[in-house]
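Report on the following structure.
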There are 2 protein chains.
Amino acid sequence: MDRFLSNTVSRIDAKGRVSVPAHFRAVVQKRGYSELYALRCLDLPAMDVGGLDLLDRYEQRIALEDPFLQTADDMSFFCHGDGTFLKLDQDGRITMSDFIREHTGISAEVAFVGRGNFFQIWEPGRLAAYGAQARARLLQLRQGTKPGERPE
Amino acid sequence: MDRFLSNTVSRIDAKGRVSVPAHFRAVVQKRGYSELYALRCLDLPAMDVGGLDLLDRYEQRIALEDPFLQTADDMSFFCHGDGTFLKLDQDGRITMSDFIREHTGISAEVAFVGRGNFFQIWEPGRLAAYGAQARARLLQLRQGTKPGERPE
DNA sequence: TGGGACACTATGGGCGTCAACGGGAATAGG
DNA sequence: CCTATTCCCGTTGACGCCCATAGTGTCCCA
């Protein structure tokens, strides 16, 4: 398995450390990530975490923008400047910095959420709220389908 | 037989374990699933369970979306983040985590329902209620009345 | 055709292993 | 010199592995 799947909640200890789920660590190693990079999500109180290839996705997007417009500049600032490296200690833990706490609202517990090629870090309560909203939006997509059909 | 068919109810033991019906286990083995993945159903208090190929359909669908729009994010969140792995122990049992219990309402017993390429996990009472509703909807279709109307 | 041995499944429980977690000591950095 | 980070160790609890038992259905043979 080489994708980040499933989700887990871990406690933060007195030193601000939190264990990355063993399953995720296995994926990190399998993908050969030497270090993790965490990016503040644009519109969510969460961090996107992955290898440096996480940036490829955004850089491709930036390349589509007109370099003379502000949008490209904003995007570059966002993905190159609004992130932080996460070092795994030898027990597989990372430290929750204020930079992360401010954006996510994380205080005592951290929810790790697989997203395929990367994973996310959430404050568990906010994650639950967002999950309910996302679920409701997807259900609306289904409105147009016929009775008895199972889309997706 | 390589499809998941029929249904069974099993008891959960003191450790939270429950036996997957032998017939389903045989299908799992025949299909070569090394591990099971369980996904929270969008609109039902049930889990869809199958191999990782369960995700293929969703991922193909996601690939059609603009990856920077919310819809793609919602879909990825649903299929990558709102699932969990189910490990079969060597006696063919799986463990009912809180993640599953919260969504399904499962507490003491589990209903396994074959769905062809995958199967579902239900709280038996809710399954019965849902089955009655589905049956009623089909009857209405047959009698030509519109959903919401009372037949007869 | 009835009885019984056998096979298999579901279920319960003991136990070892490992991940998560807490905390002290060493180290680096300011 | 003080603080923050890193390393390392011990503890604990969850989970996987293993064995035992009971209930049930099957098959064979008398």
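All chains are named by letter (A, B, ...) in the order of the sequence lines, taking the proteins before the strands, and each is independently numbered beginning at 1.
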> B:Leu88 CG to C:dT11 C1': how many Å, rounded?
Replying inline: 16 Å

> B:His23 NE2 to C:dT9 P: how many Å, rounded?
Replying inline: 12 Å

> Which nucleotide in the list C:dA20, C:dG13, C:dG23 gets nearest to the side chain of A:Arg17?
Replying inline: C:dG23

> Base, sugar-phosphate, or nothing for B:Val20, non-hydrogen atoms under 4.0 angstrom?
Replying inline: sugar-phosphate

> Between A:Asp13 (CG) and D:dG10 (P), how many Å, whole number?
Replying inline: 18 Å

> Taking NZ, NE, NH1 and NH2 as the nitrogens, is one of them in B:Asp82 or A:Arg135 under 4.0 Å from a carboxylate oxygen of the other?
Replying inline: yes

> How long is the line joining CZ of A:Phe24 and P of C:dA19, in whole Å?
Replying inline: 16 Å

>> Using 0.5 Å steps for rounding, measure from the OG1 atom of B:Thr71 to the CG atom of B:Leu64.
In response: 12.0 Å

>> Is it the case that the side chain of B:Arg101 and the backbone of B:Ser107 share a donor-acceptor pair, with hydrogens and angles ignored and the cut-off at 3.5 Å?
In response: yes

>> Is there, by distance only and without an angle test, a donor paired with an acceptor across the side chain of A:Lys15 and the base of D:dT6 below 3.5 Å?
In response: yes

>> How many whole angstroms separate atom CD of B:Gln90 from atom P of D:dC15?
In response: 17 Å

>> Using only modelled atom types and a 3.5 angstrom limit, is any donor from either the side chain of B:Asp91 or the base of D:dC19 paired with an acceptor on the other?
In response: yes

> Going by an N to O cut-off under 4.0 Å, is there a salt bridge joining A:Asp13 and A:Lys15?
Replying inline: no

> Roughly how many Å is it from CD1 in A:Ile94 to P in D:dT5, rounded to a whole number?
Replying inline: 14 Å

> Salt bridge check: are A:Arg40 and A:Asp48 linked by an N-O gap of less than 4.0 Å?
Replying inline: no

>> From C-beta outward on B:Lys87, which listed nucleotide comes closest to its side chain: C:dC21, D:dG16, C:dT9?
In response: D:dG16

> Touch check for B:Arg11, heavy atoms < 4.0 angstrom, all strands: base, sugar-phosphate only, or nothing?
Replying inline: sugar-phosphate

>> Without decimals, in angstroms, what is the distance between A:Phe99 CZ and D:dA4 P?
In response: 20 Å

> The side chain of A:Ser10 lies closest to which of these nucleotides: C:dC21, D:dC7, C:dG12?
Replying inline: C:dC21

>> Between P on C:dG22 and CZ on A:Arg93, what's the gap in Å once rounded to a whole number?
In response: 8 Å

